[in-house]
K.L.:
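The structure follows.
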Amino acid sequence: MSAVPLKVVRKKLVHEAILDKIDREHLSINTDTVRARLQTTREHVHGNTLRTCLDQWERIVADNDIDTVRKISVSDTETDREMRNMSPLSVLLSESERLRVLDLLVERTRK
């Protein structure tokens, strides 16, 4: 059994927290803030694979496609891990919500 890198676990936990907040507060992901994060990320990304991920995120955000976000959140394929890494959705979490994710990460690594 191989160890799962902390970054992978953290990104999954962040996406779980985002989805919980979307469900709880009935949020849209097609917001100015999310689109701005996508644009900022695009300005700093090089390479076709990463740009392909951003293209997919732009479609997901434009369509407010929460079901696809759910699939990305639970999948362990290399593509979906990269999609989580490139996700613009973390801007939907407040600082305290991000800190709770880190606390949860610490708890899980102690087990």
Side-chain angles (χ1 to χ4, degrees):
M1 178 185 293
S2 63
V4 178
L6 280 179
K7 180 180 180 179
V8 171
V9 175
R10 181 175 50 84
K11 291 291 187 174
K12 283 187 97 165
L13 290 172
V14 166
H15 260 253
E16 287 174 17
I18 292 164
L19 285 168
D20 287 345
K21 184 171 185 173
I22 288 169
D23 290 342
R24 188 176 60 252
E25 298 180 16
H26 308 287
L27 298 178
S28 171
I29 60 172
N30 189 0
T31 66
D32 291 341
T33 307
V34 172
R35 288 190 305 276
R37 173 56 64 91
L38 271 170
Q39 183 59 37
T40 300
T41 303
R42 186 173 289 285
E43 292 168 2
H44 296 92
V45 163
H46 306 287
N48 290 334
T49 302
L50 299 178
R51 289 177 193 203
T52 299
C53 286
L54 290 175
D55 291 343
Q56 288 177 293
W57 273 116
E58 285 178 349
R59 285 189 297 277
I60 291 166
V61 169
D63 294 341
N64 201 47
D65 188 353
I66 305 300
D67 289 334
T68 297
V69 175
R70 287 183 205 293
K71 290 173 188 167
I72 290 167
S73 293
V74 298
S75 174
D76 279 326
T77 68
E78 186 173 333
T79 299
D80 287 327
R81 283 192 302 269
E82 195 60 50
M83 288 292 288
R84 284 192 300 272
N85 288 339
M86 301 299 295
S87 175
L89 301 181
S90 62
V91 297
L92 296 173
L93 295 178
S94 67
E95 184 64 23
S96 64
E97 290 166 328
R98 282 192 274 282
L99 289 173
R100 275 194 294 264
V101 169
L102 293 177
D103 288 343
L104 188 56
L105 179 63
V106 168
E107 285 176 25
R108 289 196 181 181
T109 58
R110 288 182 181 162
K111 291 181 180 181

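Residue indices begin at 1 and follow the sequence shown.
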K.L.:
Answer yes or no: is there a side-chain heavy-atom contact under 4.5 Å between D76 and K12?
P.N.:
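Yes, at least one pair of side-chain atoms sits under 4.5 Å.
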K.L.:
Take atom CD in E43; do more than 12 heavy atoms of anything else shown fall under 6.0 Å from it?
P.N.:
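Yes, because the 6.0 Å sphere around CD of E43 holds more than 12 heavy atoms from other groups.
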K.L.:
What are the two closest heavy atoms between P88 and V61, and how far apart are they?
P.N.:
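That closest heavy-atom pairing would be CG-CG2, 4.4 Å.
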K.L.:
For M86 and C53, which heavy atoms make the closest approach, and how far apart are they?
P.N.:
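Closest heavy-atom pair between M86 and C53: CG-CB, 3.9 Å.
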K.L.:
How many angstroms lie between CZ in R100 and CG in L13, if you round to the nearest 0.5 Å?
P.N.:
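One finds 13.5 Å between CZ of R100 and CG of L13.
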K.L.:
With rounding to the nearest 0.5 angstrom, report the CG to CG distance, L27 to D23.
P.N.:
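So the gap between those two atoms works out to 9.0 Å.
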K.L.:
Evaluate the criterion salt bridge (Lys or Arg N to Asp or Glu O under 4.0 Å) for residue pair D65 and R70; output intermediate values, then yes/no.
P.N.:
CA-CA 9 Å; D65 188 353; R70 287 183 205 293; over 6 Å; no
K.L.:
Does Q39 form a side-chain contact (heavy atoms from CB on, under 4.5 Å) with R35? I'd like the steps, not just the answer.
P.N.:
CA-CA 6 Å; Q39 183 59 37; R35 288 190 305 276; over 6 Å; no
K.L.:
If we ignore angles and hydrogens, is there a donor and acceptor under 3.5 Å between the side chains of T79 and T77?
P.N.:
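Side chains of T79 and T77: no pair found under 3.5 Å.
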K.L.:
Could you tell me which non-hydrogen atom of L92 sits nearest to which non-hydrogen atom of I18, and how far apart they are?
P.N.:
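Reported closest heavy-atom pair: CD1-CG2, 4.2 Å.
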K.L.:
Do you know the tightest heavy-atom contact between K71 and D80?
P.N.:
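Heavy atoms of K71 and D80 come nearest at O-OD2, 4.4 Å.
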K.L.:
Do you know which of R37, E82, H15 makes side-chain hydrogen bond (donor to acceptor under 3.5 Å, both in side chains) with S87?
P.N.:
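The option that passes is H15.
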K.L.:
Carefully, step by step, assess T68 and R59 under the rule side-chain contact (heavy atoms from CB on, under 4.5 Å).
P.N.:
CA-CA 10 Å; T68 297; R59 285 189 297 277; over 6 Å; no
K.L.:
Tell me the closest heavy-atom pair linking L102 and R10, and the distance in Å.
P.N.:
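Minimum heavy-atom contact is CD2-CD, 3.9 Å.
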K.L.:
Quick one: pull up CG in L89 and CD1 in I66 and give me the separation to the nearest 0.5 Å.
P.N.:
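Going from CG on L89 over to CD1 on I66, the span is 7.5 Å.
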K.L.:
Can you tell me if N48 has over 12 outside heavy atoms packed within less than 6.0 Å of its CG?
P.N.:
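No, not enclosed.
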K.L.:
Looking only at heavy atoms, what is the nearest atom pair of V45 and L54, with distance?
P.N.:
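Shortest heavy-atom separation between V45 and L54 comes out as CG2-CD1, 3.9 Å.
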K.L.:
For K7 and N85: C-alpha separation, side-chain torsions, deciding distance, then whether side-chain contact (heavy atoms from CB on, under 4.5 Å) applies.
P.N.:
CA-CA 9 Å; K7 180 180 180 179; N85 288 339; 3.5 Å; yes
K.L.:
Hey, does L19 have a side-chain heavy atom less than 4.5 Å from the side chain of E16?
P.N.:
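E16 vs L19: side chains apart.
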K.L.:
In sequence, state the C-alpha distance, the side-chain angles, and the governing distance for T31 and V91, and then conclude on side-chain contact (heavy atoms from CB on, under 4.5 Å).
P.N.:
CA-CA 10 Å; T31 66; V91 297; 5.7 Å; no
K.L.:
Does R81 use its side chain to pair, donor to acceptor, with the backbone of K11 at less than 3.5 Å?
P.N.:
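Between the backbone of K11 and the side chain of R81 there is no qualifying donor-acceptor contact (under 3.5 Å).
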K.L.:
Between V74 and V101, is there shared hydrophobic-cluster membership here, with clusters defined by ILVMFWY side-chain heavy atoms closer than 4.5 Å?
P.N.:
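As far as the 4.5 Å side-chain criterion goes, V101 and V74 are not connected within one cluster.
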